[in-house]
Amino acid sequence: MEGVGCPKEGQKAKKRRALAILEALKAAYPGAKTELKHNSPFQLLVATVLSAQATDKSVNEATPALFARFPDAKALAEARPEEVEPYIRRIGLYRTKARNLVALAKRLVEAHGGEVPRDKRALMALPGVGWKTATVVLGAAFGVPGIAVDTHVARLAQRLCLSEAKSPEKIGADLERLFPKEDWVFAHHALVLHGRYVCTARKPRCPACPLAPHCPSRREG
DNA sequence: ATCCCGAGGG
DNA sequence: CCCTCTGGAT
């Protein structure tokens, strides 16, 4: 599938193909945005941290009760990790995430007035927040342009032969070179949705894929 | 490279 | 059973 290597293609043709893919994504996923439930940048940050190696569905089943008990950074900062664990146990990686979230909330209160900083380095300095989570929160909460690369975006970039890089940061840089800046945040969300529902890891639904005409890895069935 | 980790799909 | 899920820290 994606391991067979991409056909040789000039940069110009590749960029044209990327723009065709972008148009198809706009048609298929108009107004694509995060599916994580949240009512504030803080809640989006928490939900995004929880979403690491977990499904959005499982996160959305846990966060309503979690946010009812700990609605903001101040409330979460005063909790102990063991108090948080029961709310997120079913998500997986729950001990690490509970510990990170409490430490994260403390740092928000102590260093950022309880608010989510709009700065990538400040976000990445928070426990449990790496490049991907920081890029997602900046884009979804504050409209800062950027293409975060998660498992879905990485897989699709490879299958679509839009990047042959391996690290998320390099894949993101490749995609940002191919798409107009004003479409970066949309492209991220649309690629995630497409990866989740159509171009799945195990059994991609190529016959139903609107990107198939532009995809070197497409298969019949 | 390895660990963290539960739940759902195939 | 094995693989995957909007990764991050060590």
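Please read all numbers here as calculations on a predicted model, not as lab measurements. Chain identifiers are assigned alphabetically (A, B, ...) following the order of the sequence lines, protein sequences preceding nucleic acid strands; residue numbering begins at 1 within each chain.
- Cysteines A:C206 and A:C215 keep their SG atoms at least 2.5 Å away from one another.
- Distance check, rounded to the nearest 0.5 Å: CG of A:L175 to CD1 of A:I147 gives 5.0 Å.
- Within residues 179-189 of chain A, the residues approached by DNA chain C to less than 4.0 Å at the level of any non-hydrogen atom are A:H188, A:H189, in residue-number order.
- Only A:S51, A:A52, A:Q53, listed by number, bring a heavy atom of residues 44-53 of chain A to less than 4.0 angstrom from any atom of DNA chain C.
- Taking atom C1' on both B:dC4 and C:dT4, the two are 15 Å apart, rounded to the nearest angstrom.
- Taking atom P on both nucleotides, B:dA7 is separated from C:dG8 by 23 Å, rounded to a whole Å.
- Protein chain A contacts DNA chain C over a range whose 5' and 3' limits, counting nucleotides with an atom under 4.0 angstrom from a non-hydrogen atom, are C:dC2 to C:dA9.
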Next on the checklist: Test disulfide bond (SG atoms under 2.5 Å apart) on A:C199 and A:C209; report intermediate values, then the result.
Outcome noted: CA-CA 8 Å; A:C199 192; A:C209 179; over 6 Å; no
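- The pair A:K97-A:E85 fails the salt-bridge criterion, with no side-chain N (NZ, NE, NH1 or NH2) lying under 4.0 Å from an Asp/Glu carboxylate O.
- Taking the charged nitrogens against the carboxylate oxygens, A:K106 and A:E78 have no contact shorter than 4.0 Å, which rules out a salt bridge.
- Between A:L93 atom CG and B:dT2 atom C1' there is a gap of 13 Å when expressed in whole angstrom units.
- Within 4.0 Å (heavy atoms only), A:L126 reaches sugar-phosphate atoms of the nucleic acid but no base atom.
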Extract all donor-acceptor atom pairs below 3.5 Å that involve side chains of residues 124-135 of chain A and protein atoms in other chains or at least two apart in sequence.
unit_1	atom_1	unit_2	atom_2	d
A:T135	OG1	A:K120	NZ	3.1
A:T135	OG1	A:W131	O	2.7

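- In this structure, A:A125 and A:D150 both approach DNA chain C, and ranking their closest nucleotides by distance from the 5' end singles out A:D150.
- Atoms CD1 (A:I88) and C1' (B:dG6) sit 11 Å apart, rounded to a whole Å.
- Base engagement by A:R196 is indicated by at least one non-hydrogen atom pair under 4.0 Å involving a base atom.
- Of the side-chain N and O atoms in A:T96, one or more sit less than 4.0 angstrom from OP1 or OP2 of B:dC5.
- Separating the C1' atom of C:dC2 from that of B:dC5 is a span of 16 Å, rounded to the nearest Å.
- Residues in residues 49-113 of chain A take part in no disulfide bond (SG atoms under 2.5 Å apart) pair, two or more places apart or across chains.
- A salt bridge between A:D183 and A:K26 is present, with a side-chain N of the basic residue lying under 4.0 Å from a carboxylate O of the acidic one.
- Side-chain contact between A:F179 and A:L162 is present, with heavy atoms from C-beta onward closer than 4.5 Å.
- The side chain of A:R89 places no N or O atom within less than 4.0 Å of a non-bridging phosphate oxygen (OP1 or OP2) of B:dC5.
- Ring planes of A:F70 and A:Y87: perpendicular class, angle over 60° (limits at 30 and 60°).
- The ring pair (Phe, Tyr, Trp, His ring centres under 6.0 Å) check on A:H189 picks up nothing, with sequence neighbours excluded.
- Between A:A148 and A:P127, the residue anchored closer to the 5' end of DNA chain C is A:A148, taking for each the nucleotide with the nearest heavy atom.
- Counting only heavy atoms from C-beta outward, the side chains of A:P216 and A:C6 never approach each other to under 4.5 Å.
- Residue A:R90 has a polar side-chain atom (N or O) positioned under 4.0 Å from OP1 or OP2 of B:dA7.
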